[in-house]
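All heavy atoms count here, side chains included; hydrogens, waters and symmetry mates do not.
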Amino acid sequence: MAAPFLLRALPLLHLRLVQHHHPFRLTNGSTTLRPFCSAAAESTGSDGDNSPSLSQFFSSKTAKPPARYPRWDDPDFRKWKHKEAEILEDVEPIICLTKEILHSNRYMDGERLTPDDEKAVVDKLLAHHPHSEDKIGCGLDSIMVDRHPQFRHSRCLFVVRTDGGWIDFSYQKCLRSYIRDKYPSYAERFIKEHFKRGSG
């Protein structure tokens with residue numbers, strides 16, 4: 001028969017043995033407790049690279065309050081959203097066409113646009129460029145797609161002049177100018193929210 005002190009020491013000995021073989025687990029034989037970090041890593045099914053950030057486990061008292069968004073019952077906000085949708089509907093067709101011209105295999109580098117595409121680009125874009133007269137110069141012969149003269153990884157539109165010269169132009173500058181002329185009260189807000197910085 002085991003001495004009383006041995007009986008009292010058995011649970012403690014069992015705990016020490018488990019800790020020795022599983023240094024990151026504590027157990028009393030039935031319940032398993034794991035440190036926070038290992039539980040967080042295992043919950044993602046990864047080795048920890050994609051584990052949740054600590055901020056996700058802070059109490060709601062320390063978390064930032066959610067951003068407040070304008071309500072649809074605000075007449076100014078509602079008016080802006082309607083005008084924003086109107087501008088998008090107006091410019092979306094020429095934006096889609098231009099992106100297809102520049103970013104698809106529809107045209108090879110140095111290729112001139114078809115008459116229909118050229119008319120759309122001239123009427124909807126080039127005519128509204130803030131320096132359209134300077135771009136056209138002695139006269140417009142055609143519109144061409146080619147590599148940007150400085151940024152060779154990107155393509156842009158070019159005016160081909162009647163004297164054989166050619167010069168690039170930014171379709172986003174054309175759109176900005178068009179929107180400012182047609183929607184002066186909403187242009188700057190629309191441009192700020194929908195155009196990349198530094199695009200003209």
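Ile95 CD1 to Lys124 NZ: the interatomic distance, rounded to the nearest 0.5 Å, is 12.0 Å. To the nearest 0.5 Å, atoms CG (Asp76) and NZ (Lys81) are separated by 14.0 Å. Here the straight-line distance linking atom OH of Tyr171 with atom CG of Leu157 works out to 9.0 Å at 0.5 Å rounding. With rounding to the nearest 0.5 Å, the separation of CG in Leu175 from CD in Gln172 is 7.0 Å. Residue Ser177 holds its OG atom at 9.0 Å from CD1 of Ile191, rounded to the nearest 0.5 Å. To the nearest 0.5 Å, atoms SG (Cys156) and CD1 (Ile167) are separated by 10.5 Å.
Scanning both residues, Glu118 and Ile143, for their nearest heavy atoms gives OE1-N, 3.4 Å. Considering all non-hydrogen atoms of both residues, Ser132 and Ala127 come closest at OG-O, 4.1 Å.
Two residues are said to be in side-chain contact when any heavy atoms from C-beta on lie closer than 4.5 Å; His194 and Leu88 meet this criterion. Side-chain atoms of Arg180 and Arg176, non-hydrogen and from C-beta on, do get closer than 4.5 Å to each other. For the pair Tyr183/Val91, no side-chain contact is recorded, criterion being any heavy-atom separation below 4.5 Å from C-beta on.
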Check against side chain to side chain contact (heavy atoms under 4.5 Å, CB included), Phe195 and Lys173: CA-CA 10 Å; Phe195 284 76; Lys173 283 186 178 180; over 6 Å; no
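Salt-bridge formation is detected for the pair Asp90/Lys182: a Lys NZ or Arg NE/NH1/NH2 atom is positioned less than 4.0 Å from an Asp or Glu carboxylate oxygen.
In this structure Tyr178 satisfies the ring-ring contact (aromatic ring centres under 6.0 Å, His included) test together with His128, sequence neighbours excluded. Applying the side-chain contact (heavy atoms from CB on, under 4.5 Å) rule to Asp163 yields the partners Cys138, Arg161; only residues at least two apart in sequence or on another chain are considered. Not counting sequence neighbours, the partners of Glu193 by the side-chain contact (heavy atoms from CB on, under 4.5 Å) test are Trp80, Glu84, Arg189. For Lys83, the salt bridge (Lys or Arg N to Asp or Glu O under 4.0 Å) test picks out Glu86, with sequence neighbours left out.
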Atom pairs and distances, side-chain donor-acceptor, residues 104-112, under 3.5 Å, sequence neighbours left out:
residue	atom	partner	partner atom	Å
Ser104	OG	Glu100	O	2.5
Ser104	OG	Arg106	N	3.2
Arg106	NE	Asp117	OD2	3.4
Arg106	NH1	Glu100	OE1	3.3
Arg106	NH1	Glu100	OE2	3.1
Arg106	NH2	Asp117	OD1	3.1
Arg106	NH2	Asp117	OD2	2.8
Tyr107	OH	Thr114	N	3.1
Tyr107	OH	Thr114	OG1	3.4
Tyr107	OH	Asp117	OD2	2.5
Asp109	OD1	Arg155	NH1	2.9
Asp109	OD2	Arg147	NE	2.9
Glu111	OE1	Met108	N	2.8
Arg112	NE	Ser142	OG	3.4
Arg112	NH1	Asp141	OD2	2.7
Arg112	NH1	Ser142	OG	3.3

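Ring geometry for His131 versus His129: interplanar angle of 30 to 60°, hence tilted.
Other residues sharing a hydrophobic cluster with Met144 under the 4.5 Å side-chain heavy-atom criterion for ILVMFWY residues are Phe158, Val160, Trp166.
Panel note: side chain Lys135, backbone Asp168; a donor-acceptor pair is recorded below 3.5 Å.
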